[in-house]
Asks: 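One structure is given below, represented as structure tokens, and several questions about it will come after.
Heavy-atom basis, side chains included; hydrogens, waters and symmetry copies ignored.
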Amino acid sequence: MDPKNSQALVDESKERYWSPVDVYVGGAEHSVLHLLYSRFWHKVLYDIGVVSTREPFKCLINQGMILGEVEYTAFINKKGDLVSADLVDYINEYRQEKVPASNVLKSGEAYVLKNNPSVRINARAHKMSKSRGNVINPDDIVNDYGADSLRLYEMFMGPLRDTKVWSTNGVEGVHRFLGRTWRLIVGYPLSDGSYRETTITTDVEPSHEQLRNLHQCIRKVTEEMEGTRYNTAISAMMEFVNAAYKWETHPRSILENFVLLLSPFAPHIAEELWQRLGHADSLAYEPWPEAEEQYLKDDMIVLPIQINGKTRGKLQLREGSGEDEAFAAVVQDKHFEKYLSGHTVRKRIYVPGRILNIIVQQNK
């Protein structure tokens with residue numbers, strides 16, 4: 001805090017400015033050493049009047065451990081026969097043999113052999129250790145998928161405080177998400193395999209639906225980040241990208257804000273996209289997007305559709321749609337064609353926002 005002060009351990013004004021620590025993040029295995037000793041010495045300093053707070057940290061977060069990939073084990077008796085894991089009482093009485101994941105099939109809550117589904121096998125993830133040979137080298141993941149994919153996957157695995165199981169297939173999943181994000185903004189590769197230096201975004205005015213998608217994403221990502229629920233924040237961004245692929249236009253103003261949301265999770269690709277969007281300076285100094293309340297209201301409703309009093313499906317309509325608009329949507333939907341084809345509509349019973357019941361009679 002004040003390393004050049006020769007008169008005191010720390011200047012009082014600097015101590016009040018810098019302390020206490022806002023968030024202490026550490027594994028539960030460090031709570032005895034790091035946490036205990038830091039609290040002990042802080043209380044000593046507090047008792048002698050050097051620091052102004054009783055505790056050194058405002059918030060403590062113990063992140064969960066990441067276990068190695070799930071290992072599958074088959075049990076073999078003294079006769080050399082496979083024994084189902086649910087029949088094994090004392091594992092030391094059996095020879096254990098590792099089974100490749102490609103030979104395993106999930107059956108309900110259990111795992112069985114593909115070529116012999118009657119035999120259950122043991123599935124368990126262990127703490128990473130050199131002796132087990134299940135250590136994941138982050139350098140290998142970065143070389144194969146990039147640093148952003150590794151960073152994103154570690155946050156997407158689950159709640160920060162939970163113990164989680166590593167899965168390389170999961171890394172491939174978030175890597176595909178980053179690829180979809182890139183193509184959404186930059187476009188598909190050119191004929192020579194390279195990408196354009198700019199983007200496929202346009203300076204058109206965004207539609208109300210596009211603004212609603214964006215601001216719902218801003219709200220969700222902001223709330224989840226503040227609560228350290230990074231996995232659900234990433235899920236919200238995935239939902240946004242899925243929605244954006246259905247748009248006919250890709251407004252620059254919408255996707256610029258999305259890149260800002262992505263940047264804390266995947267900073268390298270976000271910086272690259274930001275430059276391609278026409279910005280010379282880093283996005284690190286850009287203000288965080290703010291959700292606007294006017295775009296957060298969902299103006300779509302789900303309307304149950306009945307044919308002769310029986311529910312045959314549901315339609316998504318804009319709130320406030322009238323009877324004619326609702327009926328027209330039913331007629332245009334192929335799902336309801338089999339219920340209406342060859343029939344005459346005798347009556348329509350419409351309760352706005354609640355239900356549409358169509359009474360039909362089969363043609364003779």
Asks: Quick one: sort the Tyr339 and Phe336 rings into parallel, tilted or perpendicular, breaks at 30° and 60°.
Replies: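 Correct class here is tilted.
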Asks: Ignoring hydrogens, what is the shortest heavy-atom contact between Asn242 and Arg180? Give both atom names and the distance.
Replies: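 Reported closest heavy-atom pair: OD1-NH1, 2.6 Å.
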Asks: Do you know the tightest heavy-atom contact between Pro189 and Tyr195?
Replies: CG-OH, 3.4 Å
Asks: Can a salt bridge be assigned to the pair Glu239 and Lys220 using a cut-off of 4.0 Å between side-chain N and carboxylate O?
Replies: no
Asks: With a 6.0 Å cut-off on the ring centroids, do Phe156 and Tyr230 count as close?
Replies: no
Asks: Tell me if the CD atom of Glu209 is crowded by more than 12 foreign heavy atoms within 6.0 Å.
Replies: yes
Asks: Parallel under 30°, tilted from 30 to 60°, perpendicular over 60°: which one fits the rings of Trp247 and Phe240?
Replies: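 Taking Phe240 first and then Trp247, their aromatic rings stand perpendicular (interplane angle over 60°).
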Asks: If you compare all heavy atoms of Thr222 against all heavy atoms of Pro289, which two are closest, and at what distance to 0.1 Å?
Replies: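 Of all heavy-atom pairs spanning Thr222 and Pro289, the closest is OG1-O, 4.5 Å.
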Asks: With the threshold set at 4.0 Å, does a side-chain nitrogen-carboxylate oxygen contact exist between Lys4 and Asp11?
Replies: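 Looking at Asp11 together with Lys4, the answer is no, because their closest N to O distance does not fall below 4.0 Å.
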Asks: Say you draw a straight line from CE of Met155 to OG1 of Thr228; how long is it, rounded to the nearest 0.5 Å?
Replies: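 It is 12.0 Å, given to the nearest 0.5 Å.
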Asks: Judged by atom type as modelled, is there a donor-acceptor pair below 3.5 Å linking the side chain of Ser321 to the main-chain atoms of Leu317?
Replies: no
Asks: Taking C-beta and beyond as the side chain, do Ser253 and Pro206 meet within less than 4.5 Å on heavy atoms?
Replies: yes
Asks: Would Thr73 and Gln96 satisfy side chain to side chain donor-acceptor pair (under 3.5 Å), going step by step from the backbone distance to the final call?
Replies: CA-CA 6 Å; Thr73 307; Gln96 299 179 39; 4.9 Å; no
Asks: Determine whether more than 12 heavy atoms belonging to other residues, nucleotides or ligands lie under 6.0 Å from atom CH2 of Trp41.
Replies: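 Check fails, neighbour count at 12 or below.
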Asks: Would you say that Leu184 contacts Leu255 through its side chain, given a criterion of any heavy-atom pair below 4.5 Å between the two side chains?
Replies: yes
Asks: Counting only heavy atoms from other residues, nucleotides and ligands, does the tally under 6.0 Å from CD of Gln294 exceed 12?
Replies: yes
Asks: Answer with yes or no whether the side chains of Asn77 and Arg95 bring together a donor and an acceptor at under 3.5 Å.
Replies: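 No, no side-chain donor-acceptor pair sits under 3.5 Å.
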Asks: Evaluate the side-chain proximity of Arg346 to Val360: yes if any heavy-atom separation is below 4.5 Å, no if none is.
Replies: no
Asks: Drop me the distance from Glu286's CD to Leu260's CG, to the nearest 0.5 angstrom.
Replies: 6.0 Å
Asks: What pairs with Tyr94 under ring-ring contact (aromatic ring centres under 6.0 Å, His included), at least two apart in sequence or on another chain?
Replies: none
Asks: Roughly how far, to the nearest 0.5 Å, is CG of Leu340 from CD1 of Ile358?
Replies: 5.5 Å
Asks: More than 12 heavy atoms of other residues, nucleotides or ligands under 6.0 Å from NZ of Lys347: is that the case?
Replies: no
Asks: Please confirm whether Arg151 makes a cation-pi placement over Phe265, using NZ or CZ under 6.0 Å from the six-membered ring centre and within 45° of the ring normal.
Replies: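 Judged by the rule (NZ or CZ under 6.0 Å from the ring centre, within 45° of its axis), Arg151 is not positioned above Phe265.
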Asks: May I ask you to check whether over 12 heavy atoms, not counting those of Lys43, lie within 6.0 Å of atom NZ?
Replies: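 Yes, NZ of Lys43 has more than 12 neighbouring heavy atoms, counting only those of other groups under 6.0 Å.
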Asks: Is the closest side-chain donor-acceptor distance between Gln361 and Thr344 under 3.5 Å?
Replies: no
Asks: When clusters are formed by joining ILVMFWY residues with side-chain heavy atoms under 4.5 Å apart, either directly or through shared neighbours, do Leu60 and Tyr46 land in the same one?
Replies: no
Asks: Are Trp274 and Tyr285 close enough that their ring centres sit under 6.0 Å apart?
Replies: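 Not close enough - the centres of the two rings lie 6.0 Å or further apart.
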Asks: Sub-3.5 Å donor-acceptor pair from the side chain of Ser84 to the main-chain atoms of Arg120, do we have one?
Replies: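 Answer holds: yes.
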Asks: Identify the heavy atoms of Ile301 and Gly353 that sit nearest to each other, and give their distance.
Replies: CD1-CA, 3.6 Å
Asks: Do Pro264 and Met225 come close enough that some side-chain heavy atom pair is under 4.5 Å?
Replies: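 Yes - at least one pair of side-chain heavy atoms lies under 4.5 Å apart.
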Asks: Show your reasoning for whether side-chain contact (heavy atoms from CB on, under 4.5 Å) applies to Val10 and Asn5.
Replies: CA-CA 7 Å; Val10 59; Asn5 191 333; 6.0 Å; no
Asks: List for me each residue that meets side-chain hydrogen bond (donor to acceptor under 3.5 Å, both in side chains) alongside Glu271, sequence neighbours excluded, and say none if there are none.
Replies: Ser282
Asks: Taking the side chain from Ser235 and the backbone from Asn231, do they hold a donor-acceptor pair closer than 3.5 Å?
Replies: yes
Asks: Working note: Lys334 + Glu337, criterion salt bridge (Lys or Arg N to Asp or Glu O under 4.0 Å); need CA distance, chi angles, decisive distance, verdict.
Replies: CA-CA 5 Å; Lys334 291 184 178 180; Glu337 186 177 347; over 6 Å; no
Asks: Any chance you could lay out the side-chain contact (heavy atoms from CB on, under 4.5 Å) test for Leu296 and Arg212, step after step, and finish with the verdict?
Replies: CA-CA 6 Å; Leu296 295 178; Arg212 189 172 66 85; over 6 Å; no
Asks: Identify the two heavy atoms, one from Glu15 and one from Val50, that lie closest to each other, and give their separation to 0.1 Å.
Replies: CG-O, 3.9 Å
Asks: Assess whether side-chain contact (heavy atoms from CB on, under 4.5 Å) is satisfied between Ile359 and Val345, documenting all intermediate values.
Replies: CA-CA 6 Å; Ile359 308 301; Val345 176; over 6 Å; no
Asks: Following the transitive rule for hydrophobic clusters with a side-chain heavy-atom cut-off under 4.5 Å over Ile, Leu, Val, Met, Phe, Trp and Tyr, establish whether Val51 and Met1 coincide in one cluster.
Replies: yes
Asks: Can you confirm whether the side chains of Glu256 and His279 place a donor and an acceptor under 3.5 Å from each other?
Replies: yes
Asks: Is the closest side-chain heavy-atom distance between Arg252 and Thr202 below 4.5 Å?
Replies: no
Asks: Using a distance-only test with no angle check, is there a side-chain donor-acceptor pair under 3.5 angstrom linking Thr53 and His42?
Replies: yes
Asks: Starting from Leu45, can I reach Tyr17 by hopping between I/L/V/M/F/W/Y residues whose side chains sit under 4.5 Å apart?
Replies: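 Shared cluster, yes.
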Asks: Is there a side-chain contact (heavy atoms from CB on, under 4.5 Å) between Tyr72 and Asn122? Walk through the geometry before answering.
Replies: CA-CA 6 Å; Tyr72 302 99; Asn122 186 47; over 6 Å; no
Asks: Rounded at 0.5 Å granularity, tell me how far CD1 in Ile355 sits from CG in Asn357.
Replies: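 Reported to 0.5 Å precision, the distance equals 6.0 Å.
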Asks: Is it true that a side-chain atom of Lys14 and a backbone atom of Arg16 form a donor plus acceptor pair closer than 3.5 Å?
Replies: no
Asks: So, are Glu223 and Arg229 salt-bridged, with charged N and O less than 4.0 Å apart?
Replies: no
Asks: A side-chain contact here means heavy atoms from C-beta on lying under 4.5 Å apart; do Pro56 and Val21 qualify?
Replies: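 Sidechains of Val21 and Pro56: no contact.
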Asks: Taking atom types as modelled and ignoring hydrogens, do the side chains of Asn169 and Ser167 form a donor-acceptor contact shorter than 3.5 angstrom?
Replies: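 The criterion, which ignores hydrogens and geometry beyond distance, is not satisfied for Ser167 and Asn169.
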Asks: Check Glu71 with Arg124, please: is the shortest side-chain N to carboxylate O separation under 4.0 Å?
Replies: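 Salt bridge: no.
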Asks: To the closest 0.5 Å, what do you measure between CD (Gln210) and NZ (Lys246)?
Replies: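 Result: 13.5 Å between the selected atoms.
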Asks: What distance do Thr201 atom OG1 and Arg276 atom CZ have between them, rounded to the nearest 0.5 Å?
Replies: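 Separation between the atoms: 12.0 Å.
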Asks: Report yes if some heavy atom in the side chain of Tyr111 is under 4.5 Å from a heavy atom in the side chain of Val99; otherwise report no.
Replies: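 Tyr111 vs Val99: side chains apart.
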Asks: Take Asp324 and Arg348 through the test salt bridge (Lys or Arg N to Asp or Glu O under 4.0 Å) and record every step on the way to the result.
Replies: CA-CA 10 Å; Asp324 291 339; Arg348 301 186 319 210; 2.7 Å; yes
Asks: Give the minimum heavy-atom separation between Val221 and Ala236, together with the two atoms involved.
Replies: CG2-CB, 4.2 Å
Asks: Are any of the side-chain heavy atoms of Pro267 and Asp148 separated by less than 4.5 Å?
Replies: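 Side-chain contact under 4.5 Å: yes.
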Asks: Hydrophobic clusters here meaning ILVMFWY residues chained together by side-chain heavy-atom distances under 4.5 Å, can you tell me if Leu150 and Met65 are in one?
Replies: no
